[in-house]
Student: 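One structure is given below, represented as structure tokens, and several questions about it will come after.
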Amino acid sequence: MSGADPDRAAELDARDPLARFRDRFVFADPDVVYFDGNSLGRLPVSTAARLARVVSEEWGGDLIRSWRHWRNLPRRVGDVLAGPLLGAAPGSVAVSDSTSVNLYKLAVAALDAQPDRAVIVTDEDNFVSDRFLLDGVAAARGAEVRYASTPPDEGLSSPAADAALGRLIDGDVALVCLSHVSYLSGGIADMVALTALAHDAGAMVLWDLSHSVGAVPVDLAGAGVDLAVGCTYKYLNAGPGAPAFLYVSHELQDRLRQPIWGWFGQSGQFEMGPRYEPARGVASYLTGTPNVIGTMMVAAAVEVIEEAGVDALWQKSRRLTEMLVGLIDTHLAPLGAVLASPRRPEARGAHVSVSHPQAWPWCRNLVTRRLVVGDFRPPDVIRL
Ligand SMILES: *Cc1c(COP(=O)(O)O)cnc(C)c1O
């Protein structure tokens, strides 16, 4: 494989239909190769101006009057995310809280709606926060979490994983909660097949899209997904701590009830009534005062991603990760490094993992010498 050839790389760059988007992002140090967008996406150029306007005009100028339009911001920006990036109907997505808190709200809501079922199914390589949250929900409700064992270098992208999950999903299962793209291997789960597997057993499904939104196409409505959550600061580039999103299918919105009864999920919010009465629709999944500044950062960043188009982004990421896999085979495999991601490009999200006992010093060296910023995941994985 001629993946190491810089001329070939330059030629691909010259023909890259997305090349013009480089100017839409801040490159403070153009010599550093930033390969950690899977943890924190780059700053879009438009974000600073958007924030300056929100702060000086909407907050500084209009003060409390701005709440007239800020109130609906979680749903408005949710609708911007819904169509092109999530394949979701208008009115089914809201921007709020963190991914962890949204996952908690939706997992509890799913369990409470099915009191005759007390099992949650997930996989043992799911993201830490997701596993902890599900364990916590189960402990509080007297439920059980069943963990599927999946090949760590392929995540849920392998038929073996589908079979392992199939063995755990039965009529006692209330909720199947999985990551669409594995944070570890980058493997893409078969959302359609696994959602159908859960539904065949009468269970609901909750997908975590943190590593897929903005990186790979997602079609929540097409797959018949019940619930989903995801973060905005990775491939969506919304910035550190920008609020996450949640999705609840229209069929379930008024059937489920989330456990954090705050005034932003209340109908007739400003009537200050004596008792919590949930709002209708996806608004009932909101809690307290939204993070206005953070939600504006989501809006600014998503515009750039949608202009580029997620299909074009995924095509490019497959070309990039294929080249990277070729380079790993040529240069790192002889040193004992092992590809820890699926080999088939269509089974991968937008990052590649490589494992080696020296992964930590390698990663640290690349960062401290200001060459390449990737990230290290214990015990021995570098993600690029
Ligand atoms: C990044 C990520 C999260 C982050 O959750 P926070 O609440 O934002 O810390 C959750 N789940 C997955 C799968 C992630 O990749």
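Atoms within each ligand, like the ligands themselves, are counted from 1 in listed order.
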Student: Report, in ascending order of atom number, the atoms of ligand 1 lying under 4.0 Å from any heavy atom of Ser98.
Tutor: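 Answer for ligand 1: 7 (O).
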Student: If you round to the nearest 0.5 Å, how far is SG of Cys177 from CG of Asp208?
Tutor: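 That separation rounds to 7.0 Å.
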Student: Between the candidates Tyr104, Trp207, Tyr183, Phe127, which shows the shortest non-hydrogen contact distance to atom 3 (C) of ligand 1?
Tutor: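 It is Phe127 whose heavy atom sits nearest to atom 3 (C) of ligand 1.
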Student: Could you tell me whether some N/O pair between Tyr233 and ligand 1 is separated by less than 3.5 angstrom?
Tutor: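 Yes: some nitrogen or oxygen of Tyr233 is under 3.5 Å from one in ligand 1.
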Student: Report yes if some N/O of Asn126 lies less than 3.5 Å from some N/O of ligand 1; otherwise report no.
Tutor: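 Checking ligand 1 against Asn126, no N or O pair falls under 3.5 Å apart.
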Student: For atom 13 (C) of ligand 1, what is the closest protein heavy atom, and at what distance to 0.1 Å?
Tutor: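 The closest heavy atom on the protein side is Asp208 OD2, 3.2 Å.
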Student: Measuring from Tyr104:OH to Ser98:OG, what's the distance to the nearest 0.5 Å?
Tutor: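 Spacing of OH (Tyr104) from OG (Ser98) equals 12.5 Å.
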Student: Would you kindly specify which portion of Leu103 sits under 4.0 Å from ligand 1, judged on non-hydrogen atoms: side chain, backbone, both or neither?
Tutor: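 The answer is neither; Leu103 stays 4.0 Å or more away.
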Student: Numbering the atoms of ligand 1 from 1, which are under 4.0 Å from a heavy atom of His211?
Tutor: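 Listed by number with element: 15 (O).
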Student: Report the distance from atom CG of Leu236 to atom CD1 of Ile305, rounding to the nearest 0.5 Å.
Tutor: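 Rounded to the nearest 0.5 Å, the CG-CD1 separation comes to 6.0 Å.
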Student: Where on Ser129 is there a heavy atom closer than 4.0 Å to ligand 1, on the side chain, on the backbone, on both, or on neither?
Tutor: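 Under 4.0 Å from ligand 1, Ser129 contributes no heavy atoms.
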Student: How far does CG of Leu111 sit from CE of Met204, to the nearest 0.5 angstrom?
Tutor: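 Going from the CG atom of Leu111 to the CE atom of Met204 covers 9.5 Å.
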Student: Short question: side chain of Asp254, backbone of Gly281 - any donor-acceptor pair under 3.5 Å?
Tutor: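 Yes; judged by distance alone, with no hydrogens or angles, the pair exists.
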Student: Any idea which protein heavy atom is nearest atom 5 (O) of ligand 1, and the distance to it?
Tutor: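 Result for atom 5 (O) of ligand 1: Thr99 CB, 3.5 Å.
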Student: Taking the non-hydrogen atoms of Ser179, is any one of them nearer than 4.0 angstrom to ligand 1?
Tutor: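 It does, in that a heavy atom of Ser179 comes within the 4.0 Å cut-off of ligand 1.
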Student: Would you give the length of the straight line joining atom CZ of Arg15 to atom CG of Leu12, rounded to the nearest 0.5 angstrom?
Tutor: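 So the gap between those two atoms works out to 5.5 Å.
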Student: At less than 4.0 angstrom from any non-hydrogen atom of Ser210, what atoms of ligand 1 do you find?
Tutor: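 By the 4.0 Å cutoff, the relevant atoms are 2 (C), 3 (C), 10 (C), 11 (N), 12 (C), 13 (C), 14 (C), 15 (O).
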Student: Report the nearest protein non-hydrogen atom to atom 14 (C) of ligand 1: residue, atom name, distance rounded to 0.1 Å.
Tutor: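 I find the closest protein heavy atom is Lys234 NZ, 2.9 Å.
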Student: Before you tell me yes or no, could you show the steps for Arg275 and Glu277 under salt bridge (Lys or Arg N to Asp or Glu O under 4.0 Å), namely the whole-Å CA-CA distance, both residues' side-chain angles and the distance that decides it to 0.1 Å?
Tutor: CA-CA 6 Å; Arg275 264 177 296 279; Glu277 193 52 57; over 6 Å; no
Student: Which residue pairs pass the salt bridge (charged side-chain N to carboxylate O under 4.0 Å, His left out) test when at least one of the two sits in residues 25-44, sequence neighbours left out?
Tutor: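 Of all non-adjacent pairs touching residues 25-44, those that pass salt bridge (charged side-chain N to carboxylate O under 4.0 Å, His left out) are Asp29-Arg370.
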Student: Angle class for the Trp263/Phe270 ring planes (parallel below 30°, perpendicular above 60°, tilted otherwise)?
Tutor: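 Taking Phe270 first and then Trp263, their aromatic rings stand perpendicular (interplane angle over 60°).
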Student: Tell me whether Ser100 has any N or O atom under 3.5 angstrom from an N or O of ligand 1.
Tutor: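 For ligand 1, there is an N or O atom that lies under 3.5 Å from one belonging to Ser100.
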